Q: 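Attaching a single structure in structure tokens format; questions to follow.
Per chain, numbering begins at 1; letters A, B, ... match sequence-line order. From a predicted model like this one, the values you see are computed outputs, not experimental measurements.
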Amino acid sequence: MVKTRFAPSPTGYLHLGNARTAIFSYLFARHNDGRFVLRIEDTDRERSRKEYEEMLLKDLEWLGIEWDEFYRQSERFDIYREYVEKLLQSGHAYPCFCTQEELEREREEAQRRGVAYRYSGKCRTLAPEEVEELKREGKPFTIRFRVPDGEEIVFEDLVKGHISINADDFGDFVIVRSDGSPTYNFVVVVDDALMGITHVVRGEDHIPNTPKQILIYRALGFEVPRFAHLPVILGEDRSKLSKRHGAVSVRNYREEGFLPEALFNYLCLLGWSPPGSEREIFSREELIELFDLKDVNSAPAVFNREKLRWMNGVYIREIISLERLYEAILPFLESAGYDVSDEDYVKKVLERTRDAYDTFTEAVEKLRPFFVDDVEIAPEFWARLEDMRSYDVLSTFLRKLEEKELNTPEDVKALAREIQKELGVKPKEIWHSLRIAVTGQLEGVGIDILLSTLPKERMVGRIQKVLDRIS
RNA sequence: GCCCCCAUCGUCUAGCCUGGCCUAGGACGCCGGCCUUUCACGCCGGAAACGCGGGUUCAAAUCCCGCUGGGGGUGCCA
């Protein structure tokens, strides 16, 4: 049975690149009716924080990624110890008493000479008595894996194809730190093997680690899983997407008013597309049905915020239900301080305006006239009102409103026609006068929609205020 | 420096494996038009790419080699 995992280290909010890795890994498992494991990689005691883990889980849940099994590496140290012991016994690993300062010096030396650095292997040949002696002295030590000389390690990557790396390119590496905690390259192998992971899906920044891990699999007698290394996501400047590129975490997009459905869909299309298809909008079920690792592009992709924005707009205006839209946007309207106590009114507004915004933060701006008592009119718009025959238009509008109900955009249009006939003004003057008076802006949702939805008192109040001022 | 990976419009990509159907298709963005008595949505049209050089072949975006360019790694981080 296929089993994949997502193994983030808890160091903050979920990064877009990791989110996509999680999505691909999840999709692959689901596509194959397999299982999906979430494993928190918190072996680094210095950097791992419980609250980071919580943020991570929340982001994952928000994206709708569900896991079948959950593990935390910090709770498995006993298991790792057992396997370290095995490697020590079999001679695949040995204690190393070199200090960080010494190693640092060697590294600098190598750099100066322009050669690739690798651990010298100084402690490889320590006699058992020497080891005992040093331990008795209480000297701190790490445990290193003994890398066989000159071995060519090859594997067939599901995304990248044939990859070959020579073991001479890296020296004996640390598998247990001097504080006794095991390192990533070691625990990842033990966990993946013990958890029965069949396909290791992760970022391509892990390619250099893979041969080290393969060596450990073999030394421990484990079966080597299949690997799929996903290309990284790049920023506009084509360097790895990072904080300096601005909004790079799932949380950023959530807070800016993007829908998880849209972000999920967009991320899938970054580096993957169903073969031969020209569609772009897919439901989660379709993605599960269509996704395959072999169709993942092997070149890195640049994250394009504008396209995500467009896609979010498509979801808002034609994919999700009104009910879903209401539920998702409500927190945004609330935190803007809008009065959303009348559910039917809010829904009516949303139903009539959903084609006017691409994100919820944008929606908050555009919907302001529907939810606040007063709008602010910028100075330059006052001038516009003076230029046009706004006074006549607005007063006529108010007068006619007394004996009319505006229930649909059509009603508003009919009324505008009447005003036009009566005053002989240009249509644009009518619309612009009304728009400025009622919204304070010259852009926004259709004014016919606004006027047929907005409660009469609010409309009248705003217009009256304008009339008082320009009379 | 060394190791590994990659290379189609500005961006995401289809096509590449199994050469000819490619005058290279779609999408975002951009530009122009239509619809519209306002604003959007929508619709129609346009500009825009096979990095370069060698091969192989009747024929190469597609196969091979080199170059260039880009990315990743080079930790007692993951």
Q: Determine if Trp431(A) stacks with U38(B); use a centre-to-centre distance below 5.5 Å and an interplanar angle below 30° as the criteria.
A: yes
Q: Expressed in angstrom and rounded to an integer, what is the separation of Ile216(A) atom CD1 from A78(B) atom C1'?
A: 14 Å
Q: On a whole-Å scale, what distance lies between the P atoms belonging to C21(B) and C16(B)?
A: 12 Å
Q: Provide, to the nearest angstrom, the distance between the OH atom belonging to Tyr119(A) and the P atom belonging to U74(B).
A: 19 Å
Q: Contact class for His206(A) vs. all strands (heavy atom < 4.0 Å): base, sugar-phosphate, or nothing?
A: base
Q: Taking CZ from Arg105(A) and C1' from G75(B), how many angstroms apart are they, rounded to a whole number?
A: 17 Å
Q: Could you tell me the separation between the CZ atom of Arg354(A) and the C1' atom of A40(B), rounded to a whole number of Å?
A: 14 Å
Q: Roughly how many Å is it from CD1 in Ile165(A) to P in C3(B), rounded to a whole number?
A: 12 Å
Q: Take Tyr119(A) and Phe173(A), measure what ring pair (Phe, Tyr, Trp, His ring centres under 6.0 Å) needs, and give me the verdict at the end.
A: CA-CA 7 Å; Tyr119(A) 174 61; Phe173(A) 54 92; over 10 Å; no
Q: Whole angstroms only, please: what is the CG-P distance between Asp358(A) and A40(B)?
A: 12 Å
Q: Using a 4.0 Å heavy-atom cut-off, does Gln100(A) contact any base of the nucleic acid, only the sugar-phosphate backbone, or nothing at all?
A: base
Q: Have Arg244(A) and Ser239(A) got a donor and an acceptor in their side chains that come within less than 3.5 Å?
A: yes
Q: Measure CH2/Trp310(A) against C1'/G42(B) and give the value in whole Å, please.
A: 14 Å
Q: Counting only heavy atoms not in Lys426(A), do more than 12 sit closer than 6.0 Å to its NZ atom?
A: no
Q: In sequence, state the C-alpha distance, the side-chain angles, and the governing distance for Tyr184(A) and His206(A), and then conclude on ring pair (Phe, Tyr, Trp, His ring centres under 6.0 Å).
A: CA-CA 11 Å; Tyr184(A) 167 74; His206(A) 284 288; 5.3 Å; yes
Q: With a non-hydrogen cut-off below 4.0 angstrom, is His162(A) in contact with a base, only sugar-phosphate, or nothing?
A: sugar-phosphate
Q: Check every atom of G71(B), C5(B), C12(B) against the side chain of Leu234(A) and return the nucleotide holding the closest atom.
A: G71(B)
Q: Kindly check if the number of other-residue, nucleotide or ligand heavy atoms within 6.0 Å of CD (Glu236(A)) is above 12?
A: no
Q: Just checking Gly161(A): base, sugar-phosphate only, or nothing, at a heavy-atom cut-off of under 4.0 Å?
A: nothing
Q: Using a 4.0 Å heavy-atom cut-off, does Thr353(A) contact any base of the nucleic acid, only the sugar-phosphate backbone, or nothing at all?
A: nothing
Q: Just call it for Asp169(A): base, sugar-phosphate, or nothing, with non-hydrogen atoms closer than 4.0 Å on any strand.
A: sugar-phosphate
Q: Atom CZ of Arg309(A) to atom C1' of C28(B): distance rounded to whole Å?
A: 13 Å
